[in-house]
Amino acid sequence: MHPASLGLDPARTVAPVSRRTFGSFVEHMGRCVYTGIYEPTHPTADADGFRQDVLALTRELGVTLVRYPGGNFVSGYRWEDGVGPVADRPVRRDLAWHSLETNEVGIDEFMRWADKAGVEVMYALNLGTRGVEAALDVHEYLNHPDRTRLAELRRTNGTDKPYGIRMFCLGNEMDGPWQTGHKTAHEYGRLAVETARALRAAEPDLELIACGSSGSSMPTFAAWEAEVLEHAYEAVDYISAHAYYEPVDGDIGSFLASAVDMDHFVNSVVATADSVGARLKSSKRLQISFDEWNVWYLREFQARQETASTEWPIAPRVIEDCYNVTDAVVVGGLLISLLRHSDRVTAACQAQLVNVIAPIRTEPGGPAWRQTIFHPFALTARLAQGNVLRVELQAPTYHTKRFGEVPLLDAVATHDPAGGDVTVFVVNRHQTDAVPLSVPLSAFGTPLRVAEAWTLADADLSATNTAADPDRVVPHPAGDVSMADGVLHATLPAVSWTAIRLTRG
Ligand code: AHR
């Protein structure tokens, strides 16, 4: 195997690491909320009914931001159902996931959970069945200090101070025909701009996110963004992007290169947004909120959906994908792509946090455990510090069905100018062979040594973590990593994700 090399220079920065890159997502869907974050009868439940085992794992994961309450769920959600005495809250149909919502958890409970978890909340507004007035109402409940009817209602319900939420999503996936209250780009663009203007009249410095396409394969992709932004460009700060990846027809080579698609997706949205900005002669540059991304075995889910259900269960098991080693390597690669675009992608949410396509799994009344994909997320969130560096990667390529020739390695690096640490994140997509990598470090001036190095790889790529064997797949100290004459050398196992932190001295 030809060796690969990675050029780094502390002067060649992309942008500071945005802590909001390490966001997650809690939707009222399946068992994400009920028996996920909340289970009052669980042995670890605290006085508010939150599972402390899940809270501890959420903190360990390094999550900084959590999008709530949906997802498709939000497009039929009445936020008022979830406030006030729990006994008075109505049970409603959730049309998005064909289940019943008890409303036992609503805004106040979730904000209490977020406080315990130490995360910022990104609140999604219902622009499916509702509009400007309900958006203003929920904003008033959340953020207005006092004296108004809804601020006083919040205070009566036990929260004196406003929650001070900064980020609001103007709806969810409004381009998708599956969305309750689906809209054309024109209809949505008008509603988004009017909602944004009204919210800004209430609180000017909110950070508002317009819905981009629900995926880059949507027939209206890019045209949707262009038309929505023709209306809303000056009124919003972000345009959203959503992407889910899975192996198609057993094509692992393309699956391992999912980050190539994510790179292209981000570049396309940036180009579209910037072209609208240019047409509008605007000096403003929109950011991307990549507020749903993950590996999701979506085709299996869609196949199961073909027979319409007549049942209305509460918190059923929905898309509880069990992730393997390859999935974790792909997730590590997607985090590399997100970091690489830190100049424009300044918020991102892995979908979702618990049970529903999630890094954390639970059993009702039973244990909580880390799925394989937990590990690259937790290590990246902990180790990516300071600035993202623009790297020069020289690597052999391989052929993929979906993307043509693709580099065998993908990498990004961060540099903390204050402490001096440099961290390299790298994926080896070769399915059978290790790839040697060298990283000259002379540009950093002071000598560096390896402080820690972790690799996620396994002889059995289909290995998973389960309730019975929760630590079957974990990162191991990277074996073959050394420094010689100011050059870092590492041998990266086949299908692996590696993080190497270097420090001064
Ligand atoms: O995360 C699962 C679902 O995927 C969300 O509800 C929706 O927004 C997306 O299609």
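Order of appearance sets the numbers: ligands from 1, and atoms from 1 within every ligand. Only a predicted model underlies this, so the values are computations on that prediction, with no experimental measurement involved.
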- request: Evaluate the criterion side chain to side chain contact (heavy atoms under 4.5 Å, CB included) for residue pair D94 and H28; output intermediate values, then yes/no.
  value: CA-CA 9 Å; D94 165 17; H28 282 251; 5.8 Å; no
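Between Y297 and Y323, the ring-plane angle classifies as tilted under the 30° and 60° cut-offs. Classification of the W224-Y188 ring pair by plane angle, with boundaries at 30° and 60°, yields parallel.
The contact set between ligand 1 and F25, taken as ligand atoms under 4.0 Å from a residue heavy atom, comprises 1 (O). The contact set between ligand 1 and N172, taken as ligand atoms under 4.0 Å from a residue heavy atom, comprises 8 (O).
Ranking protein heavy atoms by distance to atom 2 (C) of ligand 1, first place goes to Q352 NE2, 3.5 Å. Among protein heavy atoms, the minimum distance from atom 7 (C) of ligand 1 is reached at N72 OD1, 3.2 Å. Of the protein's non-hydrogen atoms, the one nearest atom 10 (O) of ligand 1 is E173 OE1, 2.7 Å. For atom 9 (C) of ligand 1, the nearest non-hydrogen atom of the protein is E292 OE1, 3.0 Å.
When side chains are defined from C-beta on, M174 does not count as touching V228, because their heavy atoms never get closer than 4.5 Å. Residues V495 and R429 form no side-chain contact, since every pair of their non-hydrogen atoms from C-beta on lies 4.5 Å or further apart. For the pair E230 and R279, the minimum side-chain heavy-atom distance is below 4.5 Å. Residues T346 and R20 have side chains not in contact (no heavy-atom distance under 4.5 Å, counting atoms from C-beta outward).
Inclusion of E27 in the set of residues having an N or O under 3.5 Å from an N or O of ligand 1 is warranted. Backbone and side-chain nitrogen or oxygen atoms of Y244 are examined, and one is located within less than 3.5 angstrom of a nitrogen or oxygen of ligand 1. Taking distance alone, with nitrogen or oxygen atoms compared against 3.5 Å, W97 stays at or beyond that limit from ligand 1.
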